[in-house]
Structures are given as C-alpha cells and as structure tokens.
Amino acid sequence: MRYSAPRGTRDILPGEIEKWQHVEGRIHRICELYGYKEIRTPMFEQTELFVRGIGEVTDIVEKEMYTFADKANRSMTLRPEGTAPVARAFIEHKLYAEAQPVKLYYIGPMFRYERPQAGRYRQFSQFGVEAFGSMDPMLDAEIISLAHDFYVSLGLDQIKARINTIGCPECRPRYQGHIKQVLSGRLDQLCRNCQQRYERNPMRILDCKNERCSGIASEVGSIDPFLCDECSEHFEAVKTSLDELSIPYVIDPAIVRGFDYYTKTVFEFVAEGIGAQDAIGGGGRYDGLIESCGGPATPGVGFAAGLDRLLLAMEANGIEPAVSNRLGCFVVAPDKGSRIRSACLVSSLRRLGVSADMDYVGRSMSRQLKHASRLDARCVAILGEDELARGVTQVRDMDRGEQWEVPLSEAASRIADFVRSVSGE
Ligand code: HAM
C-alpha cells in the first residue's frame, strides 16, 4: 500500500518552507507595527458556531464543512475560517471587558471541502486579523491599510484593495428587493447556482464568476441609493481615511463576500497571473457577529489572507525572497577515532549559537567535504586522528578555499567568530 497526502492537501518540504517562514516573519512584524496580538484557537469547534456565525445559507455551511461526530456524538467541524472561532474566544474569555478595541491576529490551517484546483485546497493556511469593539470607520481603513502594507512588504507593490459596502440589516433588504426586481424577467438566463441564490441570497448573484451572470448582474447598479444614512456616512468616511492614508483602492460593487456576518464595509485583494482562484485576501466589518454568537452587542472588523495563494502570486510576479539557509560549520571526521571529539566540537558550536553538523552515515573524507558543500556550509573543520594527536583542527573557508589551523581548545570560539564575521553578524 502506498499512501499519499489526501486530495486537496499537500506537504511543504524544506526548500519551500523557507518561503513560508519568510512570509510568517512579515506577518508577525506587520502585526507588531499595528498593535495586533497573536491568538491561537483550536482547529475544530462545535459545528453550531459556524452555522450561526457564517450563516446557514452560505456555500461554506451548506457544502464545504468537514463535519464529524466525536466519540460522545457531538457534532464538530474543522474550522473553515478564523473569524467565528476568534469571536467565540472573545466571548468565552470576556475580552469585551478589556480596553477596546481588542486587536488580534492568527496564522493557521483552515479546512473546506471544495473541488481542488490551482490555488484551491481543502487544507490551506490563512493569516487573519480581527478588531473588536469599535464602530470607527478609521478602524476599517486601518485593517485595509495593514493588509495593503503586508502585501507590499512581500513585494506585491501593485496591489489595490477592491472595496464595497453591503449595508446593514436595515437597508440591505431594500437593495435585495431591487436586485430581485431587476433580475426577475431574466431568471432563465442565470446559471443554476444563481437561480437558487435569487430566492435565498440574491446579492451573491453579483459576484458570480459565470460571464453571463456577471453581465446581467452589472445591470443591477450600485447599492448607494438604498443605503441608510449611517451606512452611507460610514462608507464615505472609510474612503476618506484611505485617501488620506494613501492606500490605493477601487470601488467594486461586485464585492459582496460569501459570509452572512458582514455588515457595511467589505473588501478583497486580487492577484494577477495565478488563474481563476485569484482572491489572495478579503474581509470586512461584522457588527452583528458577536451578538449572534451569544456575546454582548460588539462591533468588529477583520481580514484574512490566503497564504498558499499569496505564495503563488509572489512566484507569478517573480518575487523570490532572499532566504539564507547556510550551515555555519560542518565538522569533517575522517577517522572513527575522532568522531566523539568532532561531536563535542559540533555541540560547542551550537551552544555558541552557530549552526553545525557532522556526518552520520560513514562517508569518506572527500564525500564529507562534498556533503558540506551541499549543505552550503560557510566553513568546515577537519578533525582527523592526526589533528587530534596534535591538539588542533584545520578550518577551511568554503567560499575562498583558504585553510588555517587552530588549537582544539580554542576551536569552537575561533570558528564562531569566523562564522559571525562572514555572515555579517
Ligand atoms: P475568505 O475570503 O473566505 O474570508 O478567505 C480569505 C482568503 O483565504 C481568500 O481570499 C483566499 O486567499 C484564501 N482561501 C479561501 N479558501 C481557500 C481555499 N480553498 N484554498 C486556498 N485558499 C483559500 C474569510 O475566511 C474571512 N474569515 C476573512 C475575514 C476575517 N473577514 C473578517 N475577518
């Protein structure tokens, strides 16, 4: 029996993982700059949380959740997204009693049972931020600005937010009624999915990828005339803030998002050159979520980036993060008798903060040197029986080929100094 990773999942091996670590480094940095603190929540939650939080009539809840009964027959679901779990934690730990806004971020795997294709996986990683406890439109702008700066810090400097507003439960039904009215005579021209959406969630017709549907939907027009004063003023203030902060954006009435929790501002970021699955991030305001999950009425706004797609976008744009993964020192032990002393030298180097390694599969001296090159070692220390007898080791600079001898008693500190000097530390 040969096993393989389940469909829609993948292994990230050394060679690729460095790019992930680079991106994760940028995430921690940007969140530190913006004052967001990390939170880690479980990989699975009670199914009900997602049904209530995301909404019963959404693609995710209807078709895409990994739901299972645990041994006590409780319905559990692998998290398809991070907002509802973070909202649950916010309520459970009474974070509403702390100084507001509470600003949190997370990185981790999400699970959706979708049809796998380029850029779409069943297990994928998200970086998300959530800010609770403020209605201020400047906070919406802060989140869009954080997302923008994050993408730019990774080299995607042409990125532009696509923003929209979807109103609130007070004004949205008026727009939904309008959509139904405009499309009522053209139902038979819409795709099967949109025909179902017509009754249950007509706004989602606006972001259908089917060309015929989007052509017809473009006749619907913007939500603007239907917005209540509060939603209209909020959106104006978000745009003004973005202008003042010099964050580039376009207004796109087709951005409606696929979760029921959104209110007012919604936005997405799209990348070029990665195929149909080109949304590399999205988010919005969700002023009713905390309450619908059983907490006190608390507004919120957030964003999540898909890291798998982000890495595809970086590759498509020719962005290769300069990741240095060089070994500090490879200790070459050509004779059996010098292996223990070599292991001691390796150990001393590591304790001095220098990455070090040695041979564990019985290679000859020349093969050990070749292996050191493969590991991109900055230097090797050769410690044979002859060197041992003389109480020295030979150090070779692998870039310049120069070689010198140092007393064994000082070897670790002298090698550490050398490695630090050539690696610019
Ligand atoms: P979302 O738009 O569903 O939003 O997901 C955010 C990002 O996750 C997408 O833009 C995409 O890059 C990535 N993504 C989604 N599904 C997949 C998949 N199957 N394979 C690969 N990448 C995928 C949310 O999840 C909201 N919780 C965002 C949010 C946070 N809103 C407010 N706060």
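- Inspection of the Tyr249 and Asp243 side chains reveals an N or O donor paired with an N or O acceptor under 3.5 Å.
- A heavy-atom distance below 4.5 Å is not found between the side chains of Phe111 and Pro80.
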Q. Does the pair Ile30 and Leu146 meet the rule for a side chain to side chain contact (heavy atoms under 4.5 Å, CB included), with working shown?
A. CA-CA 7 Å; Ile30 200 85; Leu146 180 156; 4.3 Å; yes
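- Annotation: side chain of Arg88 is in contact with side chain of Pro42 (closest heavy-atom distance under 4.5 Å).
- By the 4.5 Å heavy-atom criterion applied to side chains, Tyr175 and Ile166 are not counted as neighbours.
- Every residue two or more places apart in sequence or in another chain that forms a side-chain contact (heavy atoms from CB on, under 4.5 Å) with Ala271 is listed here: Ile274, Ile280, Ala313.
- Applying the side-chain hydrogen bond (donor to acceptor under 3.5 Å, both in side chains) test to Ser145 and every residue at least two apart in sequence or in another chain returns Tyr34.
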Without placing hydrogens or testing angles, list every side-chain donor-acceptor pair under 3.5 Å for residues 1-11, not counting sequence neighbours.
unit_1: Thr9; atom_1: OG1; unit_2: Pro6; atom_2: O; d: 2.6
unit_1: Arg10; atom_1: NH2; unit_2: Asp308; atom_2: OD2; d: 2.5

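- Contact of the Tyr96 side chain with the Phe132 side chain is not registered, since no non-hydrogen atoms from C-beta on lie closer than 4.5 Å.
- Residues Thr165 and Thr265 bring no donor and acceptor atom of their side chains to less than 3.5 Å of each other.
- The list of side chain to side chain donor-acceptor pair (under 3.5 Å) pairs with a residue in residues 107-116, not counting sequence neighbours, is empty.
- Nearest heavy atom pair, residue Leu227 against residue Cys231, reads CD2-CB, 4.0 Å.
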Q: Check the pair Tyr105, Ile39 against side chain to side chain contact (heavy atoms under 4.5 Å, CB included), reporting the backbone distance first and the verdict last.
A: CA-CA 6 Å; Tyr105 78 99; Ile39 180 169; over 6 Å; no
Q: Just do the side chain to side chain contact (heavy atoms under 4.5 Å, CB included) check on Leu78 and Phe68 with the steps written out, would you?
A: CA-CA 9 Å; Leu78 298 184; Phe68 59 97; 4.0 Å; yes
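- Contacts of Glu56 classified as salt bridge (Lys or Arg N to Asp or Glu O under 4.0 Å), with partners at least two apart in sequence or in another chain: none.
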Q.
For a salt bridge (charged side-chain N to carboxylate O under 4.0 Å, His left out) check, start with the C-alpha distance between Glu24 and Arg29, then their side-chain angles and the critical distance, and finish with the verdict.
A. CA-CA 9 Å; Glu24 285 159 11; Arg29 178 76 185 126; over 6 Å; no
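- Closest non-hydrogen pair, Arg326 versus Ala377, comes out as NH2-O, 3.5 Å.
- When side chains are defined from C-beta on, Val51 counts as touching Met65, because their heavy atoms get closer than 4.5 Å.
- Between the side chain of Glu199 and the backbone N or O of Arg197 there is no donor-acceptor pair closer than 3.5 Å.
- Side-chain polar atoms of Tyr36 and Glu142 form a donor-acceptor pair below 3.5 angstrom.
- Ring-plane geometry between Phe269 and Phe303 is classed as perpendicular, the angle between the planes exceeding 60 degrees on a 0 to 90 degree scale with a lower cut at 30.
- Counting only heavy atoms from C-beta outward, the side chains of Cys31 and Val129 approach each other to under 4.5 Å.
- At distances below 3.5 Å, at least one donor-acceptor pair connects side-chain atoms of Asn164 with backbone N or O atoms of Ile255.
- Residues meeting the ring pair (Phe, Tyr, Trp, His ring centres under 6.0 Å) test with Phe330, sequence neighbours left out: His371.
- Minimum interatomic distance between Asn201 and Gln176 (heavy atoms only, all atoms of both residues): OD1-NE2, 4.2 Å.
- To the nearest 0.5 Å, the span separating CD on Glu268 from CD1 on Ile144 amounts to 12.0 Å.
- Side-chain contact check for Leu289 versus Cys293: some heavy-atom pair is nearer than 4.5 Å.
- Between the side chain of Ser241 and the main chain of Met138, no donor-acceptor pair closer than 3.5 Å is present.
- Closest of all the heavy-atom pairs between Pro321 and His22 is CB-CD2, 3.3 Å.
- Phe150 pairs by the ring pair (Phe, Tyr, Trp, His ring centres under 6.0 Å) definition with Phe127, not counting sequence neighbours.
- Each of Arg162, Lys160, Arg257 was compared with Asp252 under the salt bridge (charged side-chain N to carboxylate O under 4.0 Å, His left out) criterion, and only Arg162 meets it.
- The backbone N or O of Pro296 sits less than 3.5 Å from a side-chain atom of Thr298, completing a donor-acceptor pair.
- The minimum heavy-atom distance linking His234 with Met135 is given by the pair CE1-O, 3.2 Å.
- For Asp357, the salt bridge (Lys or Arg N to Asp or Glu O under 4.0 Å) test picks out Arg350, with sequence neighbours left out.
- A donor-acceptor contact shorter than 3.5 Å links the side chain of Gln368 to the backbone of Ala333.
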Q | Step-by-step salt bridge (charged side-chain N to carboxylate O under 4.0 Å, His left out) determination, Arg172 to Glu170 | A | CA-CA 6 Å; Arg172 192 182 309 151; Glu170 193 199 308; over 6 Å; no
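- Checking side-chain atoms of Thr240 against main-chain N and O of Glu236 turns up a donor-acceptor pair under 3.5 Å.
- Of the possible polar contacts, one joining the Arg339 side chain to the Asp359 backbone as a donor-acceptor pair under 3.5 Å is found.
- Between the side chain of His178 and the backbone N or O of Val220, at least one donor-acceptor pair lies under 3.5 Å.
- Panel note: side chain Arg174, backbone Phe226; a donor-acceptor pair is recorded below 3.5 Å.
- Under the 3.5 Å distance criterion, with hydrogens and angles disregarded, a donor-acceptor pair is assigned to the side chains of Gln277 and Arg309.
- Other residues, nucleotides and ligands contribute over 12 non-hydrogen atoms within 6.0 Å of the CD atom of Glu402.
- Note on residues 116-137: pairs passing side chain to side chain donor-acceptor pair (under 3.5 Å), not counting sequence neighbours, are Thr83-Glu130, Tyr106-Glu130, Gln117-Arg120, Glu130-Tyr286.
- Listed by chain and number, the residues in a salt bridge (Lys or Arg N to Asp or Glu O under 4.0 Å) with Asp417 amount to none (sequence neighbours excluded).
- Between Ile143 and Phe267 there is a side-chain heavy-atom pair separated by less than 4.5 Å.
- Using a cutoff of 4.0 Å between basic side-chain nitrogens and carboxylate oxygens, Lys19 and Glu16 are not scored as salt-bridged.
- Ser347 contributes no side-chain N or O that, together with a main-chain N or O of Ala343, makes up a donor-acceptor pair within less than 3.5 Å.
- Every residue was checked against the ring pair (Phe, Tyr, Trp, His ring centres under 6.0 Å) condition with His93, not counting sequence neighbours, and none meets it.
- Residues passing the salt bridge (Lys or Arg N to Asp or Glu O under 4.0 Å) test with Arg52 are Glu48, sequence neighbours excluded.
- The nearest pair of heavy atoms linking Thr263 to Pro169 is CG2-CD, 4.2 Å.
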